[in-house]
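Residue numbers run from 1 in the order of the sequence given.
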Amino acid sequence: MVPTLVQEQQRSATHDVTNQAPPLAPYDASDDPALLEGLRREGAGWAEDGLRRLGVRAGSAQAQEWGEQANRHEPELRTHDRYGNRIDEVEFHPSWHHLMRVAVNEGLAGSAWADDRLGAHVARTAGGLVWGHTEAGHGCPTSMTYAAVPALRRQPELAAVYEPLLTSREYDPALDVPTRKRGLLAGMGMTEKQGGSDVRTNTTMATATAEPGVYTLRGHKWFTSAPMCDVFLVLAQAPDGLSCFLVPRVLPDGSRNTFRIQRLKDKLGNRSNASSEPEFDGTVAWLVGAEGQGVKTIIEMVNCTRLDCVMASATLMRKTLVEAGHHVRHRSAFGARLVDQPLMRNVLADLALESEAATTLTLRLAGAADRAVRGDAGETAFRRIATAVGKYWVTKRGPAFTAEALECLGGNGYVEDSGMPRHYREAPLLSIWEGSGNVNALDVLRALSREAGATQALFDELALARGADARLDTAVARLEQTLPTATASSARRLVELMALTLQASLLVRHAPPAVADAFCATRLGGDWGHSFGTLPDAADLDTILDRALPGGK
């Protein structure tokens, strides 16, 4: 009798596949008590049903596949068409467009500015914390679109034309006259190769035309992400100094504006998102704000995108913690499930503390942004200082956190199929974009010395937890003593202390005692090692993990 093919395959099999975790998807990316509690606390409880719906969609097998495909099939630059005409277009995989469509439709781009409900900006941030479980790259154009609106408002006649389209929930990827589209995306062009964050060294020149407010630009930009956006806010040197300009890809008459994409960046991570080097040569631009006030005009955009960097880092922490928790619940070693091994539980609980602190701070910053928009002076001052502090610290914690979460999967986490290498490559980006660590630390010093009410706003916030934990009180006293003698060389030490006291104060007020106590004992009390997984024996690991891991133990 001739063996069948199935019989042959069975006969040649060397082993059965056992002791491997099943696929995580589908799962609920919104299943996070710290997220949902923060949403309600910061005034956006009305958005919870929609957030839960989005969480289920983000954790679906389809959405997770979109994220994987968008990074596997990277954007491609087309500088010319088949006839030799310059077109400067970037082609994206359909999965990118699927992700973008959901993000814009769900209000993760500019729509919060058109929503008068209290907590609209908190709801948007919470949506980013959930939908970001798919992948990070497409969060760049949605973030810049959100951030462009307050900057554009410095030129009311331009805002009247473009803001209704920037706040639309319609995703329209066609390259067309902006006013003919259903919705717009905005980008930003600030840095140049000779200056980076030192934008005052920009050499791009702006020349006024005969038409009031209209200029032509000549120069280059070094990092301009999402070059297929419809409009860009660009810095250039005008006669009265560095100024901000609105640059559309397509002009009102339907012709292409000069926006020559020289190349796309070959980046460490964020591969789904195109980052480019454009050149301007007779590029038509409209002045936004006054000449010479470019930094002042665009800084509001930077403040918004810095918040989104904090949000994206917190999202990455939560996503990788969920992946690690799923793996250890299904994997056994040395006679027990990994999740039941004492040292693994210590590692996961330590990561859970870091994740909850990042998420709680993110939502507090979003709440401050929401109330600042509504004219709250105290929240405006707090937002100014705390966003820079959060940007520095949370994004710094991301790479170490992601590496530890990856290690929970062992060798399985080091292969691309697991998705963890993509998250690991993404993590360093968020501390670099919108000002690296040094830039943000020095910006905190600048705010403390120049921004009226910033210092008081920070200490007013910390005072809300006074007396609740002796270690926190001691750290706040140390901060008060340190501030008057702070120097540029010690800026990082100062900002780290500010961040930890701020996170601890929020956890002491809002998190379960087990979480707050363990955080204060380790991050402020010194009962900690130099890596994750060094919580003291007194830490209540069971309570921390039951709260942090979806579905419990």
**Report entry** Partners meeting salt bridge (Lys or Arg N to Asp or Glu O under 4.0 Å) with Arg478 (sequence neighbours left out)
**Finding:** none
Query - Pairing of Lys391 and Glu434 as salt bridge, 4.0 angstrom limit - result: no
Query raised in the report: Do side-chain atoms of Lys193 reach the backbone of His220 as a donor and acceptor pair under 3.5 angstrom?
Result: no
Query raised in the report: Any chance the side chains of Gln237 and Asn202 put a donor and an acceptor closer than 3.5 Å?
Result: no
Query raised in the report: Looking only at side chains, do Trp528 and Asp350 share a donor and an acceptor under 3.5 Å apart?
Result: yes
Requested in this report: Please determine if Arg492 and Glu496 form a salt bridge, counting it only when a charged side-chain N lies under 4.0 Å from a carboxylate O.
Outcome: no
Requested in this report: Scan side-chain atoms only and decide if Asn440 and Asp443 contain a donor-acceptor pair under the 3.5 Å cut-off.
Outcome: no
Query raised in the report: For Lys267 and Ser275, does a side-chain donor sit closer than 3.5 Å to a side-chain acceptor?
Result: yes
Query raised in the report: Is a side-chain donor-acceptor pair under 3.5 Å present for Tyr215 with Glu291?
Result: yes
Query raised in the report: Are Thr203 and Glu192 close enough that a side-chain donor and a side-chain acceptor fall under 3.5 Å?
Result: yes
Query - Under 3.5 Å: donor-acceptor pair, side chain of Ser505, backbone of Leu502 - result: yes
Query raised in the report: Can any side-chain N or O of Asn257 pair as donor or acceptor with the backbone N or O of Val284 at less than 3.5 Å?
Result: yes
Query raised in the report: Of all heavy-atom pairs between Gln503 and Ala358, which one has the smallest distance, and what is that distance?
Result: NE2-N, 3.8 Å
Query raised in the report: With a 3.5 Å cut-off and no angle check, do the side chains of Thr145 and Thr142 form a donor-acceptor pair?
Result: no
Query - Aromatic Phe232 / basic Arg249 pairing, under 6.0 angstrom, 45° off normal - result: no
Report task. May I ask you to check whether Trp113 and Tyr146 place their ring centers less than 6.0 Å from one another? Result -> yes
Query raised in the report: According to the salt bridge (Lys or Arg N to Asp or Glu O under 4.0 Å) rule, which pairs have a member within residues 141-157, sequence neighbours left out?
Result: Arg153-Glu163
